[in-house]
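What follows is one structure encoded as structure tokens, with my remarks underneath.
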Amino acid sequence: MKPTILLDGVSKSFGAIRAVRNVSLALAPGEIVALVGHNGAGKTTLIKLMLGLIRPTEGVVRVLGGDPSTDAEVRAAFGYLPENVAFNPALTGRETLHFYSALKRAGREQVEGLLERVGLAEAAGRRVRTYSKGMRQRLGLAQALLGRPRVLLLDEPTTGLDPALRRDFYRFLEQLRDDGATILLSSHALSELEGRADHVIIMGRGEKVADGTLDELRRLARLPTRIRIRL
Ligand code: ATP
């Protein structure tokens with residue numbers, strides 16, 4: 001199957017800092033892919049490159065066959081949940097989604113269905129300042145889903161969620177994946193991806209150090225020692 005996202009020999013430097021070094025990867029439609037690595041490993045930079053927010057210093061980024069940094073049609077296919085997304089605490093959940101649907105020209109008619117889908121229908125009339133971390137994260141996901149994206153990029157979406165909320169969150173991603181979306185999420189923790197991610201990419205100091213299913217990664221004789229993540 002044609003990959004949704006293709007990176008070929010991509011590097012990104014910020015001055016003297018080489019945030020991403022010679023990364024090649026392919027993400028297929030209908031996959032949940034996890035990007036794993038410690039702080040500063042280059043996960044957010046890779047996501048920004050895929051979004052076309054920044055351009056590679058070297059190499060090629062292709063999303064749905066186009067260049068996300070110049071092709072508005074490609075960018076319109078994205079849903080993006082940034083790390084630590086902050087909402088206006090004075091707006092209600094429903095008002096927040098109305099605001100984002102206007103920004104994305106997505107049409108308001110999706111809002112009620114999305115609130116229902118992320119389990120916020122009852123709380124939709126309450127202000128965001130009264131929401132728990134889990135509720136804010138689900139509101140973030142609803143925001144990312146406005147416009148029915150084909151590609152979802154989620155930067156550390158489960159940070160701060162308790163195990164039950166994580167379970168719900170992954171179940172929800174599986175439904176989206178089964179509807180044909182390509183989902184990339186970044187995470188610090190390999191442990192929570194068991195049985196959840198179809199494909200795992202491990203980053204260390206800007207480089208891709210491993211790429212495969214969790215089972216394949218376990219079968220590798222050993223992972224490079226500089227990335228000590230328990231499998
Ligand atoms: P975290 O888990 O902390 O989000 P990360 O894996 O997402 O980390 P990145 O945010 O991609 O890592 O950062 C990779 C490296 O690039 C870090 O050394 C970071 O300081 C640097 N970096 C990222 N963005 C910039 C920028 N705009 N200007 C300068 N340096 C940057």
Side-chain angles (χ1 to χ4, degrees), residues 1-14 17-64 68 78 80-83 151-159 161 163 166-167 169-171 173-174 176-178 181-231:
M1 209 178 313
K2 245 183 127 181
T4 313
I5 299 182
L6 195 67
L7 267 59
D8 187 14
V10 168
S11 299
K12 179 68 189 179
S13 298
F14 299 102
I17 298 169
R18 295 180 66 200
V20 167
R21 305 174 194 214
N22 194 23
V23 170
S24 296
L25 53 84
L27 310 188
E31 278 199 317
I32 296 179
V33 183
L35 200 54
V36 183
H38 297 304
N39 280 327
K43 303 181 300 294
T44 302
T45 304
L46 268 186
I47 289 177
K48 288 184 183 169
L49 285 161
M50 292 174 186
L51 286 164
L53 295 176
I54 54 177
R55 288 181 186 222
T57 315
E58 281 171 68
V60 175
V61 177
R62 284 284 170 270
V63 180
L64 299 166
F78 280 123
Y80 174 44
L81 177 59
E83 193 177 356
V151 186
L152 261 182
L153 300 178
L154 311 172
D155 205 351
E156 304 200 14
T158 61
T159 303
L161 299 189
R166 277 185 192 193
R167 209 167 35 241
F169 188 83
Y170 279 107
R171 216 171 278 148
L173 291 189
E174 282 158 20
L176 295 170
R177 184 256 328 261
D178 295 345
T182 303
I183 301 169
L184 179 91
L185 62 104
S186 73
S187 172
H188 282 288
L190 259 184
S191 51
E192 71 173 65
L193 301 171
E194 184 69 54
R196 292 167 169 166
D198 303 305
H199 174 174
V200 177
I201 296 168
I202 300 182
M203 297 289 296
R205 299 187 187 171
E207 286 177 280
K208 188 174 85 168
V209 293
D211 185 345
T213 64
L214 271 179
D215 279 347
E216 284 165 353
L217 297 189
R218 278 198 196 90
R219 266 186 257 122
L220 286 177
R222 61 192 184 95
L223 286 168
T225 47
R226 68 165 173 276
I227 173 139
R228 286 199 211 94
I229 292 180
R230 281 171 52 134
L231 286 175

Exercise for the section: Hey, could you give me the CG/CD1 distance between Asp211 and Ile201, rounded to the nearest 0.5 Å? Expected result: 4.5 Å
Handout entry: Rounded distance [0.5 Å steps], CG in Leu81 versus CG in Leu185
Key = 10.0 Å
Problem - 4.5 Å side-chain heavy-atom contact, Leu176 and Leu152 - result: yes
Completion exercise
residues 182-197 vs salt bridge (charged side-chain N to carboxylate O under 4.0 Å, His left out), sequence neighbours excluded, gives Arg166-Glu192, Glu194-Arg218
Practice task
With sequence neighbours excluded, tell me which residues meet side chain to side chain contact (heavy atoms under 4.5 Å, CB included) with Thr4.
Solution key: Pro29, Leu64, Val151, Thr182
Handout entry: Pairing residues for Asp198 by the side-chain hydrogen bond (donor to acceptor under 3.5 Å, both in side chains) criterion, not counting sequence neighbours
Key = Arg177
Practice task
Return each pair, listed once, that meets salt bridge (charged side-chain N to carboxylate O under 4.0 Å, His left out) where at least one residue sits in residues 17-40; pairs must be two or more places apart or across chains.
Solution key: none
Exercise for the section: Compare every heavy atom of Leu154 with every heavy atom of Pro157, then report the nearest pair and how far apart it is. Expected result: CD-O, 3.6 Å
Practice task
Might you work through the side chain to side chain contact (heavy atoms under 4.5 Å, CB included) test for Asn39 and His188, ending with a clear yes or no?
Solution key: CA-CA 8 Å; Asn39 280 327; His188 282 288; 3.0 Å; yes
Problem - Residues that Ser24 engages under side chain to side chain contact (heavy atoms under 4.5 Å, CB included), provided they are two or more places apart - result: Asp8
Exercise for the section: Report yes if some heavy atom in the side chain of Leu46 is under 4.5 Å from a heavy atom in the side chain of Leu7; otherwise report no. Expected result: yes
Handout entry: Nearest-0.5 Å distance, CD1 of residue Ile202 to CD of residue Glu207
Key = 13.5 Å
Problem - side chain to side chain contact (heavy atoms under 4.5 Å, CB included) against Ala181, all qualifying residues, sequence neighbours excluded - result: Ile183
Problem - Heavy-atom closest contact (Val63 atom, Pro68 atom, distance) - result: CG2-CG, 3.9 Å
Handout entry: Which residues share a side-chain hydrogen bond (donor to acceptor under 3.5 Å, both in side chains) with Asp178, sequence neighbours left out
Key = none
Practice task
Evaluate the side-chain proximity of Leu25 to Val33: yes if any heavy-atom separation is below 4.5 Å, no if none is.
Solution key: no
Problem - Leu53 side, atom CG; Phe78 side, atom CZ - distance, nearest 0.5 Å - result: 8.5 Å
Exercise for the section: Evaluate the side-chain proximity of Leu193 to Ile32: yes if any heavy-atom separation is below 4.5 Å, no if none is. Expected result: no
Completion exercise
So side chain to side chain donor-acceptor pair (under 3.5 Å) across residues 41-54, not counting sequence neighbours, yields Thr44-Asp155
Handout entry: Ile5/Leu184 under side chain to side chain contact (heavy atoms under 4.5 Å, CB included): CA gap, chis, key distance, verdict
Key = CA-CA 10 Å; Ile5 299 182; Leu184 179 91; 5.6 Å; no
Practice task
For residues Glu156 and Ser186, determine if any side-chain heavy atom of one lies less than 4.5 Å from a side-chain heavy atom of the other.
Solution key: yes
